[in-house]
Novice: 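The structure that follows is given in the form of structure tokens.
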Amino acid sequence: MTEGGAQAVPWQSCTIEDIVQQTPSIKSVVLRLRKPFAHIAGQHVDVRLTAPDGYSAMRSYSIASATISSPIIELAIERLPDGEVSSFFHDIAAVGDEIELRGPLGAISCGPPLPLPLPVPLPWTRCC
């Protein structure tokens with residue numbers, strides 16, 4: 001679950017477009033965003049589910065789709081034992097359902113760029 005800086009990223013509703021069983025414990029959930037966004041590899045979204053009584057549960061899932069600006073994103077969701085949100089996606093969610101999400105969030109980095117020129121020739125010049 002993302003805290004802090006995520007507060008500036010607004011929640012939006014999205015629609016489940018497709019659910020594909022990839023393995024016995026992983027489903028791909030394809031979502032249509034109301035407000036499309038561009039993302040980079042390694043980013044994630046926060047998903048929030050709210051019950052009729054007001055109880056809500058939030059989890060973070062990595063974006064599994066290509067890094068292009070599109071109204072469609074894919075999340076690969078593993079069923080976890082006693083997982084509130086993963087169980088929802090595996091047992092209850094259906095095409096056409098609406099859920100809330102916010103993102104993209106986070107960034108990955110493998111460290112600062114190496115100084116150039118390098119003293120010893122290497123097959124790469126930067127780690128990323």
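All values reported here derive from a predicted model rather than from experimental measurement.
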Novice: Is there a path from L49 to I73 through hydrophobic residues (I, L, V, M, F, W, Y) whose side chains come within less than 4.5 Å of each other?
Specialist: yes

Novice: With side chains defined as the heavy atoms from C-beta onward, is the minimum distance between L75 and V47 less than 4.5 Å?
Specialist: yes

Novice: Taking H90 for the side chain and R79 for the main chain, is one N or O donor matched with an acceptor at less than 3.5 Å?
Specialist: yes

Novice: Please find the pair of heavy atoms, one from A57 and one from R59, that lie closest to each other, and give the distance.
Specialist: CB-NH1, 4.2 Å

Novice: Do I63 and F37 have side chains that get closer than 4.5 Å, going by heavy atoms?
Specialist: yes

Novice: Would you check, one step at a time, whether the test side chain to side chain contact (heavy atoms under 4.5 Å, CB included) holds for M58 with W11?
Specialist: CA-CA 12 Å; M58 183 173 70; W11 289 98; 3.2 Å; yes

Novice: Find out whether F89 and I19 are in side-chain contact, i.e. whether some heavy atom of one side chain is under 4.5 Å from a heavy atom of the other.
Specialist: no

Novice: Check S28 against Q22 and note the closest heavy-atom contact, atom names and distance.
Specialist: OG-NE2, 3.0 Å

Novice: Got a donor-acceptor contact below 3.5 angstrom from the S65 side chain to the E74 backbone?
Specialist: yes

Novice: Is L101 close to Q12 at the side-chain level, that is, under 4.5 Å between some pair of heavy atoms?
Specialist: yes

Novice: If you link I, L, V, M, F, W and Y whenever their side-chain heavy atoms are under 4.5 Å apart, who else ends up in the same group as Y55?
Specialist: none

Novice: Given side chains that start at C-beta, do those of S60 and L105 come closer than 4.5 Å, heavy atoms only?
Specialist: no

Novice: Distance check, rounded to the nearest 0.5 Å: E100 atom CD versus S13 atom OG?
Specialist: 5.5 Å

Novice: On a heavy-atom basis, which atom in T50 and which in S56 lie closest, and how many Å separate them?
Specialist: OG1-CB, 3.7 Å

Novice: Answer yes or no: is there a side-chain heavy-atom contact under 4.5 Å between R102 and R48?
Specialist: no

Novice: Where is the tightest heavy-atom contact between G103 and V9, given as atom of each residue plus distance?
Specialist: N-CG1, 3.4 Å

Novice: Give, for atom CZ of R34 and atom SG of C14, the distance between the pair rounded to the nearest 0.5 Å.
Specialist: 8.5 Å

Novice: Shortest non-hydrogen contact from D97 to I92?
Specialist: OD2-O, 4.2 Å

Novice: Distance from I26 atom CD1 to Q21 atom CD, nearest 0.5 Å?
Specialist: 9.5 Å

Novice: Any side-chain to backbone donor/acceptor pair from Q43 onto G106? Under 3.5 Å, distance only.
Specialist: yes

Novice: Begin with the C-alpha distance, continue with both residues' side-chain angles, and end with the deciding distance and a verdict on side chain to side chain contact (heavy atoms under 4.5 Å, CB included) for I16 and L31.
Specialist: CA-CA 5 Å; I16 298 176; L31 304 169; 3.7 Å; yes

Novice: Surrounding CG of D53 (heavy atoms of other residues, nucleotides or ligands, distance under 6.0 Å), is the total greater than 12?
Specialist: yes

Novice: Is a side-chain donor or acceptor of T15 paired with a backbone partner of E17 at a separation under 3.5 angstrom?
Specialist: no

